[in-house]
Amino acid sequence: MNASKVRKIFLNFFKDKGHKIYRSAPMVVKNDPTLMFTNAGMNQFKDIFLDNTTPSHLRVVNSQKCLRVSGKHNDLDEVGHDTYHHTMFEMLGNWSFGDYFKKEAIAWAWELLTEIYGIEKDRLYVTVFEGSPEEGLEADHEAYDLWKPFVPEERILFGSKKDNFWEMGDTGPCGPCSEIHVDIRDDKARKTIDGASLVNKDHPLVIEIWNLVFIAFNRLSDGKLKNLPARHVDTGMGFERLCMVLQNKQSNYDTDVFRPYIEKLQLLSGIVYGDNPDADVSMRVVADHLRAVSFAIADGELPSNNKAGYVIRRILRRAIRYGYTFLGFREPFVNLLVEDLVTQMGEAFPELRAQQDLIMKVIAEEEHTFLRTLSVGIQKFEQYIAAQPDKKTIPGDFAFELFDTYGFPVDLTTLMAKEKGWNIDLKGFEAGMAGQKERSRAAAVIDAADWVELKKRGDDTVFLGYEKLEAEVSVVKYRKVDAKGKTLYQVVLDQTPFYAESGGQVGDRGFLTNNGERYPVVDTRKENNLSIHIMPKIPDAISGTFTAVVDQTKRLLTENNHTATHLLHAALKTVLGSHVQQKGSLVDDQRLRFDFSHFGKMTDEEILAVERLVNEKIRENITLEEHRELSMEEAEQMGATALFGEKYGEKVRVVAFDNAFSSELCGGTHVKATGQIGLFAIVSESAIAAGIRRVEAVTGRAAEEFVQSKIDELHSIKELLKHPKDSIKTLSQVLELNESMKKELAAMQQRQLQQMVDHLASNVESIHGVNYIGTRVSMDAKAAKDLAFKLKGKVDNLFLVIAHESEGKPGITIMIAENLVEQKGLHAGNLVRSLATHIKGGGGGQPFFASAGGSDADGLDKVLTESKKLIS
RNA sequence: GGGGAAUUAGCUCAGUUGGCUAGAGCGUUUGGCUGGCAGCCAAAAGGUCACCGGUUCGAGCCCGGUAUUCUCCA
C-alpha cells in the first residue's frame with residue numbers, strides 16, 4: 001500500500017463518519033507568538049479549543065504537515081540516529097469539537113487500524129492515563145472500559161502523566177490521552193520478550209502510532225487546571241510510521257516516503273546505504289531535512305539569521321554538515337534532491353510543484369554560504385593550531401568562538417582536533433554556550449498574567465473597520481503583560497474598528513474614550529483569530545462602553561499603500577511574467593515593501609514599465625470590488641490570487657481592482673477607488689535572497705515628495721551650473737576640467753616640492769661626515785613627511801630636521817639615514833621628543849623617522865639650533 | 001529581541017605593542033620568450049583601508065556612533 005493510498009484511506013474513512021476534510025494549514029505559523037511552526041495537527045484548531053471561536057464543523061479530519069524542531073517537542077538531535085524520529089512529518093487526525101468523545105474515538109480507531117488497514121490485532125497495545133494525585137486527577141477508567149471490548153486486558157496498560165496526559169504548552173487546553181502502540185518485531189522476538197514490556201521504552205520496533213487525546217481542561221498560568229465547557233477529541237497518527245507498518249518495513253526510511261532520496265544520495269555519493277553506520281545516519285538526516293526545509297520554503301519561510309528562518313537554516317545546515325563529513329560532499333548537493341521530493345509529494349502538496357525552482361535556488365544558495373562558512377572555520381582552526389604548537393588541547397572558549405562567531409559546528413572542531421591528535425575542552429564550550437543562552441533568555445522575559453474575562457464572549461470580535469473608523473465598543477477581556485520593564489495591557493473588544501496587523505498591513509492606532517477621557521491604543525495585533533488592542537493604560541471603570549476611534553490619517557495613508565501593493569503585484573506579473581509570487585509584504589502609512597520570486601535583477605526599463613502600469617491603473621480610478629464570505633472554491637473560480645503559506649479560514653474575502661487585472665484573497669483595508677492613491681513611485685529594487693527580489697515604493701503625498709526631491713536636486717544642480725542650455729554637457733565639461741586641473745595641480749606641487757628638494761640638497765652642511773639639513777618652512781606635517789622621504793632618496797648620510805608651521809601649529813619632522821642610525825646609535829624618535837620641549841609639545845616615531853607637534857611656534861628656531869648641536 | 005565578529009585593490013585575503021609614503025596571490029593591461037596554444041619572464045594600472053566623529057606629534061590599527069554582511073542564542 002503506497003503512501004498516498006494510506007493517506008486517502010484515512011481521510012475517506014472519517015469522511016464517511018460525518019467528518020469534513022480540511023486542508024493542511026501552512027507549516028509556518030503566523031499570528032501566534034507562542035509558536036513558530038505547526039507542531040501538531042491541532043494547531044489550526046487552537047482557537048476552537050481555547051473557546052475563542054466557534055467551529056463551523058463539529059467533526060473534522062485532516063492530514064497536517066508538522067515540524068518539530070524547537071520548544072517542548074524538540075526532536076532535531078535525534079533525527080537520523082534512529083529510524084523513526086523526524087523534523088517534518090504528517091499528522092493524520094480526526095477531531096470532535098464538543099461532539100463525540102472517548103467512545104467513538106476509540107471504536108473508530110480500532111476499526112480503521114484492524115479492519116481497514118488490516119493490522120494484526122495481536123500486535124496492538126493501548127495505554128490509558130494512570131491518574132495523578134498532585135493534579136487531583138483519577139485514572140482514566142472510562143477509556144479503559146471502552147477498550148475492553150476490543151483489546152484483552154493484559155494489553156491495556158496504564159501510563160504516566162508524561163506519556164498519557166497531553167498538554168499543548170505551559171498553558172492552554174489539555175487532557176488525558178490513550179495511545180495505540182504496535183509491535184512489528186518478528187514472531188521469534190515477540191515470543192522471547194513480551195511486547196507489553198517494551199511499550200514506551202523507545203524500542204524502534206514497538207512504537208506508538210496513534211494518540212487519542214481527550215481534551216477536558218485548560219491549564220492556567222498558575223498551573224491549575226480548569227474544566228472546559230465543551231470536551232473535544234484530538235487524535236494524531238504519525239503518517240510515516242503508519243506507512244512503515246503497512247508496508248512491512250522496519251524503518252520509516254525504507255518506505256516510499258523516504259526511499260527515493262536515499263537512492264539518489266547513494267548515486268550522488270557513491271556510498272551504499274547500509275554499509276557504514278555514519279553514512280546511513282547522514283543519508284537519513286539529509287532525507288528528513290530535505291522535506292522539512294523544502295516545505296518551509298514553499299510556505300514562504302526562507303533560511304535567515306533569526307526566528308523561524310533561523311530554525312530552517314539550522315535544519316538545512318545540519319543536513320549539509322552530515323553530507324560534508326560522512327558522505328564526502330564538497331559541493332552543494334541537497335538542492336539536487338528537490339526534484340525527487342516534488343515527484344514524490346507534488347501531487348498531495350501542489351505548493352511544492354509550483355515553487356520547485358525557487359526551493360532549489362534557495363537551498364543551493366544556503367549550501368554555498370555554509371560551505372564557505374565551513375572553509376573560513378577550517379582556516380581559523382588551522383591558524384590556531386599553527387600558532388600554538390605546544391598545546392594539545394583546544395580550549396573551550398576557542399571552540400565556542402568558532403561556533404558562536406563563525407558558525408563552525410563544534411562536532412567538526414572535535415573531529416578535526418582528533419585528527420591532529422589534540423583534545424578539546426567540551427566542558428568549556430558548554431559553559432560558553434550556557435552563558436549565551438542565559439543572556440538571551442534574560443533579555444526575552446515576558447510576563448503575561450491570566451486573562452481577566454469581563455463578558456462571556458459570543459463569537460469572534462466583529463471587525464467594523466471596513467466601513468467605520470469609529471464605533472461603540474465594550475471590553476470582553478484583558479490582561480497585563482510585562483516585558484523589558486514596560487507594562488502594557490492587551491485588550492479584546494466585542495467589536496472593533498481597529499484593523500489588527502495581518503497580511504503585511506500594520507495594525508491601527510487610535511484611542512478608546514468615554515466621559516472625555518482618552519486611552520490610547522498604540523498598536524493592534526492578531527494572535528490566532530483574536531484582535532488584541534495594545535494599550536499603555538486601561539480605564540478603572542473598564543466594564544463600561546467606550547467609543548473606539550481609529551487614527552484616520554494613518555489608516556488612509558496605509559490603505560493607499562495597501563491598494564498600491566495589489567496593483568504592484570499585478571503589474572509585476574504582467575511585466576515580468578506569471579512566475580512572480582508574493583513572498584512577503586509590509587504596508588504602513590509611510591511606504592510599502594513587496595518581496596517576490598523573480599530570477600534576476602529588474603532592469604531600469606522593467607521598473608519603469610511597472611511604475612507606469614500602476615500609475616495608469618491609478619488614473620483609471622478603478623473602484624474597489626469586494627466579496628466577503630466567499631468559500632475558497634468560489635474565490636478560486638473568480639481567479640483570485642491566493643498566497644502560499646497563508647492560512648485561510650472557512651470564508652475568505654476577495655479584493656479586486658478591475659477583476660481582470662488584480663484580484664486577491666485579502667483581509668486588509670483598501671481605498672474606495674484607486675484614484676485616491678494619487679501617485680506611485682518605486683524607490684528601490686534589491687535582492688534579499690536567492691531568487692527573491694524586494695521592491696520598495698511610496699504613494700500619494702510621499703510619492704510626490706519623492707519626485708519633488710528629485711526635481712529639487714536637479715534644480716539645485718542646474719543652479720550651481722548657472723542654468724546652462726545643456727546641463728549634462730556642461731557638467732561633464734566641468735568634471736573633465738576638474739580632472740585635468742587636479743592632475744596639473746598635482747604636477748605643479750610635485751615640481752615645487754622637487755625644487756625645494758633640490759634647493760635643500762644643494763645646501764647640505766657637512767658636519768663630521770653627516771649631511772645635515774635644517775630648515776624652517778610653512779607646511780603641514782603631511783607635506784613635511786613627503787619632503788623628508790624625497791630628500792632621503794636624494795642625500796646620503798642624511799640628518800634632516802624640518803621645523804614646520806601651518807595655521808599657527810608648529811611641528812618637527814626628523815629623518816636620519818639608516819646607516820647613521822646604526823653607526824651612531826641615533827634615534828629620531830628620542831631626539832624629536834627632546835626637541836619638542838622647545839615648542840611645548842610631544843612626539844615620537846621610529847629610529848630613522850619621527851615627528852612631533854606642539855603649541856609654541858616661537859620655539860621653532862631654537863629647535864633648529866639645538867638640533868645642529870646634536871651631531872656636532 | 002540579546003550577544004559575538006567582519007568590512008583593506010576587480011576577487012580571495014595579509015597587515016605585529018599606533019610609527020617603512022598600505023602589501024601578497026589571483027585577475028586585468030602592456031612588453032618579452034615559444035611555430036601557435038598552454039605556460040613562463042618582466043613591467044604597469046588598480047585603494048576615500050565601509051561611513052561619521054574622537055584620542056594622538058602620528059590612526060588601516062585605539063575609542064564612540066552609523067550602515068551593511070556574517071554568526072550564535074531566544
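As the structure is a computational prediction, the values presented were derived from the model and not from experiment. Here is the naming used below: chain letters follow the sequence lines, and residue numbers restart at 1 for every chain.
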Suppose we call a contact any N or O donor and acceptor under 3.5 Å apart; does that hold for the side chain of A:Q436 and the base of B:rC72? yes
Under-3.5 Å donor-acceptor pair between A:D786 side chain and B:rU21 base: yes
In whole Å, I'd like the distance from the [atom1] atom of [X] to the [atom2] atom of [N].
| X | N | atom1 | atom2 | answer |
| --- | --- | --- | --- | --- |
| A:D397 | B:rG3 | CG | P | 20 Å |
| A:L800 | B:rU21 | CG | P | 14 Å |
| A:K782 | B:rA59 | NZ | C1' | 13 Å |
| A:M433 | B:rC72 | CE | C1' | 6 Å |
| A:R321 | B:rC72 | CZ | P | 10 Å |
| A:Q846 | B:rC57 | CD | P | 17 Å |
| A:H838 | B:rC57 | NE2 | P | 17 Å |
| A:R314 | B:rU71 | CZ | P | 13 Å |

Can a side chain N or O of [X] be found less than 4.0 Å away from OP1 or OP2 on [N]?
| X | N | answer |
| --- | --- | --- |
| A:R372 | B:rU71 | no |
| A:T405 | B:rC70 | no |
| A:R317 | B:rC70 | no |
| A:R313 | B:rU71 | yes |

Between [M] and [N] - [atom1] atom distance, rounded Å:
| N | M | atom1 | result |
| --- | --- | --- | --- |
| B:rU21 | B:rU7 | P | 23 Å |
| B:rC20 | B:rC62 | P | 16 Å |
| B:rA14 | B:rA24 | P | 16 Å |
| B:rU56 | B:rU12 | P | 37 Å |
| B:rG1 | B:rA45 | C1' | 49 Å |
| B:rG19 | B:rG25 | P | 23 Å |
| B:rU48 | B:rA22 | C1' | 13 Å |
| B:rG3 | B:rU55 | C1' | 28 Å |

Looking only at B:rC72, B:rC70, B:rG19, the nucleotide nearest the A:T373 side chain is B:rC70
Nearest-neighbour nucleotide for the A:F789 side chain, B:rU71, B:rC57, B:rU21 considered: B:rU21
More 5' along RNA chain B: A:F849 or A:A852, using each one's nearest nucleotide? A:F849
Nearest-nucleotide comparison on RNA chain B, the residue closer to the 5′ end among A:F400 and A:K809: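 Upstream on the strand: A:K809.
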Considering every strand and a 4.0 Å limit on heavy-atom distances, what is the contact class for [X]: base, sugar-phosphate, or nothing?
| X | result |
| --- | --- |
| A:T813 | nothing |
| A:R833 | nothing |
| A:G844 | base |
| A:G842 | base |
| A:K790 | base |
| A:G843 | base |
| A:Y406 | sugar-phosphate |

Find the partner of [N]: check Watson-Crick (N1-N3 plus N6-O4 or O6-N4) and G-U wobble (N1-O2, O6-N3) distances, both under 3.5 Å, and reply none if neither fits.
| N | result |
| --- | --- |
| B:rC33 | B:rG39 |
| B:rA67 | B:rU7 |
| B:rA44 | B:rU28 |
| B:rG19 | B:rC57 |

Does a donor on one side chain and an acceptor on the other come within less than 3.5 Å for A:D796 and A:N771? no
[X] with [Y]: basic N within carboxylate O range, under 4.0 Å:
| X | Y | result |
| --- | --- | --- |
| A:R776 | A:D861 | yes |
| A:E366 | A:R313 | yes |
| A:E430 | A:K427 | no |

Please lay out, stage by stage, how A:L402 and A:F429 fare under the test side chain to side chain contact (heavy atoms under 4.5 Å, CB included). CA-CA 10 Å; A:L402 274 179; A:F429 173 84; over 6 Å; no
Check whether more than 12 heavy atoms from other residues, nucleotides or ligands sit under 6.0 Å from atom CZ of A:R321, and answer yes or no.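 Correct, the count exceeds 12.
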Mind checking whether A:F849 and A:I814 have side chains closer than 4.5 Å, heavy atoms only? no
Hey, mind stepping through A:S778 and A:H804 against side chain to side chain donor-acceptor pair (under 3.5 Å) and telling me if it holds? CA-CA 5 Å; A:S778 290; A:H804 50 83; over 6 Å; no
